[in-house]
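Okay, structure first, notes after.
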Amino acid sequence: MKFGVNLLLFDDAPTPAVLGQFGRLRDLGFDGVEVPIFAPGTIDTERVRRHAERHGLAITASGALPPGARFYGSAASRKRAERYLLGAIRVCQELGAGVFCGPLYKPVGDTDESLSLPVQRRETAKALAHPVADAESRGVVLAFEPLNRFETNFLNTVDDAVAFARALDSSAAGLLLDTFHMHIEEKDTAAAIARAGRARAIAHFHACENDRGAAGSGQVHWAPVAKALRRSGYDGWVVLESFSQTNQIIRKAVSCWRPFYASPLEFCRDGVRFMRKRLGAASRR
């Protein structure tokens, strides 16, 4: 497996200050970085890619639909959603990012119930046909993330997300499983990972503690999680994710009302060390 860290830990865009962390991240043991893409047209893809290559880091990417964007409902909301996703896919191709992950179906916090959830999912899957085909043609996998009930009503559980991924019917569409959200929504996180593995639906993985602190510092049952991930046959990215305490947009979006770690680099050091040890030992348990 390969280990990465989401750059939302530092900021919501790959600013010069964020790029300046790449050398330290490589020294801490990371194989790659996950670049946040919220405004596709503002990212200097050549600069980011060159900087990552200089430090021997591969790139994945994450994002979320902007406010007012949906793949169902009004023509304007559908157009906004598609424009964002197509722009982000293009940026991923330019970055050399093979995975673009996140809640790519509905904005975070949008709990609209104007249509039943089965209808929302059906209409969204139909509308995603063009972006998914575009992603496949560009060598990008879209990893759709089920979130906890406080952030979306669209996909909360692995079982619903597996059904949604199947409806997309493409090798370029899979799931991002995130242990923070699973810790809230699943009865048994390891069993849910196993079901997703049997469905061959796992496209990306976020190793997150229950309180967004460093992996291994909280209540997630990492031994069975790691064992289930190994047994699923997954051999892709394991990305640590937490959020900047200084960026006010991020703090409000994910309710970061208190620090989850002493410092971003301590979060990285402790988390990657723990996950490398845990996943390395998983197959022998």
Side-chain angles (χ1 to χ4, degrees), residues 1-12 14-15 17-36 51-52 55-62 99 101-102 145 147-148 176-184 186 189-190 193 202 204-230 234-247 250-251 253-285:
M1 296 185 190
K2 297 167 289 186
F3 295 86
V5 60
N6 194 306
L7 297 178
L8 285 170
L9 182 67
F10 303 102
D11 210 334
D12 63 357
T15 64
V18 173
L19 297 181
Q21 300 291 340
F22 281 16
R24 291 183 180 180
L25 294 174
R26 182 63 187 179
D27 290 344
L28 288 171
F30 288 100
D31 303 301
V33 292
E34 194 150 280
V35 175
H51 212 79
H55 294 284
L57 294 169
I59 296 175
T60 60
S62 67
V99 175
C101 68
E145 180 181 21
L147 302 180
N148 72 77
L176 160 61
L177 301 186
D178 182 311
T179 51
F180 169 79
H181 298 291
M182 297 173 77
H183 188 79
I184 297 171
E186 303 294 342
T189 295
I193 292 169
I202 308 175
H204 202 51
F205 193 82
H206 278 182
C208 301
E209 199 50 82
N210 67 289
D211 66 345
R212 292 294 192 188
S217 67
Q219 298 185 49
V220 173
H221 299 303
W222 289 106
V225 163
K227 187 175 182 179
L229 196 60
R230 282 285 196 191
Y234 179 75
D235 194 33
W237 284 97
V238 174
V239 173
L240 308 182
E241 182 188 53
S242 195
F243 304 102
S244 169
Q245 298 295 315
T246 57
N247 184 302
I250 295 176
R251 288 185 72 241
V254 296
S255 300
C256 294
W257 310 128
R258 67 180 190 279
F260 304 131
Y261 44 79
S263 73
L265 292 178
E266 183 175 304
F267 168 91
C268 292
R269 181 199 66 205
D270 294 348
V272 73
R273 182 183 299 165
F274 176 82
M275 290 310 302
R276 282 191 179 278
K277 181 178 179 181
R278 178 57 68 188
L279 283 168
S283 60
R284 297 192 293 272
R285 284 185 170 270

Roughly how far apart are [X] [atom1] and [Y] [atom2], rounded to 0.5 Å?
{"X": "F260", "Y": "S242", "atom1": "CZ", "atom2": "OG", "value": "6.0 Å"}
{"X": "K2", "Y": "T60", "atom1": "NZ", "atom2": "OG1", "value": "9.0 Å"}
{"X": "L265", "Y": "L25", "atom1": "CG", "atom2": "CG", "value": "7.0 Å"}
{"X": "Q245", "Y": "S263", "atom1": "CD", "atom2": "OG", "value": "11.5 Å"}
{"X": "Y234", "Y": "F205", "atom1": "OH", "atom2": "CZ", "value": "8.0 Å"}
{"X": "L177", "Y": "I193", "atom1": "CG", "atom2": "CD1", "value": "6.5 Å"}

(Q) Assess the residue pair H221 and T189 against the criterion (side chain to side chain contact (heavy atoms under 4.5 Å, CB included)); give the C-alpha distance rounded to whole Å, side-chain angles, the decisive distance to 0.1 Å, and a yes or no. (A) CA-CA 8 Å; H221 299 303; T189 295; over 6 Å; no

Can you check whether [Y]'s main-chain N or O pairs, donor with acceptor, with [X]'s side chain at less than 3.5 Å?
{"X": "R276", "Y": "G29", "result": "yes"}
{"X": "T179", "Y": "C208", "result": "yes"}
{"X": "R24", "Y": "L28", "result": "no"}
{"X": "D235", "Y": "M1", "result": "yes"}
{"X": "D31", "Y": "F3", "result": "yes"}
{"X": "D270", "Y": "A214", "result": "no"}

**Q.** ring-ring contact (aromatic ring centres under 6.0 Å, His included) partners for H51, two or more places apart
**A.**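 Expected list: F22, H55.
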
Q. Excluding sequence neighbours, so at least two apart, what forms ring-ring contact (aromatic ring centres under 6.0 Å, His included) with H181?
A.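 Here no residue qualifies.
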
Q. Should the pair R251 and F243 be classed as cation-pi, given the thresholds of under 6.0 Å to the six-membered ring centre and 45° from the axis?
A.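 Judged by the rule (NZ or CZ under 6.0 Å from the ring centre, within 45° of its axis), R251 is not positioned above F243.
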
For residues [X] and [Y], report the shortest heavy-atom separation together with the two atoms involved.
{"X": "L19", "Y": "P14", "answer": "CG-O, 4.0 Å"}
{"X": "L9", "Y": "C268", "answer": "CD2-SG, 3.4 Å"}
{"X": "V254", "Y": "C256", "answer": "CG2-SG, 3.2 Å"}
{"X": "A190", "Y": "A228", "answer": "O-CB, 3.4 Å"}
{"X": "A207", "Y": "L240", "answer": "O-CD2, 3.6 Å"}
{"X": "N210", "Y": "Q219", "answer": "OD1-N, 2.7 Å"}

Q.
Between W237 and H204, does the side chain to side chain contact (heavy atoms under 4.5 Å, CB included) criterion hold? Intermediate values first, please.
A. CA-CA 6 Å; W237 284 97; H204 202 51; 3.3 Å; yes

Taking atom types as modelled and ignoring hydrogens, do the side chains of [X] and [Y] form a donor-acceptor contact shorter than 3.5 angstrom?
{"X": "E209", "Y": "W222", "result": "yes"}
{"X": "S244", "Y": "D11", "result": "no"}
{"X": "H206", "Y": "E34", "result": "yes"}

Q.
Is any side-chain heavy atom of L8 closer than 4.5 Å to one of I250?
A.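 In contact.
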
Q: Could you please spell out the steps behind the side chain to side chain contact (heavy atoms under 4.5 Å, CB included) verdict for T246 and F10?
A: CA-CA 8 Å; T246 57; F10 303 102; over 6 Å; no

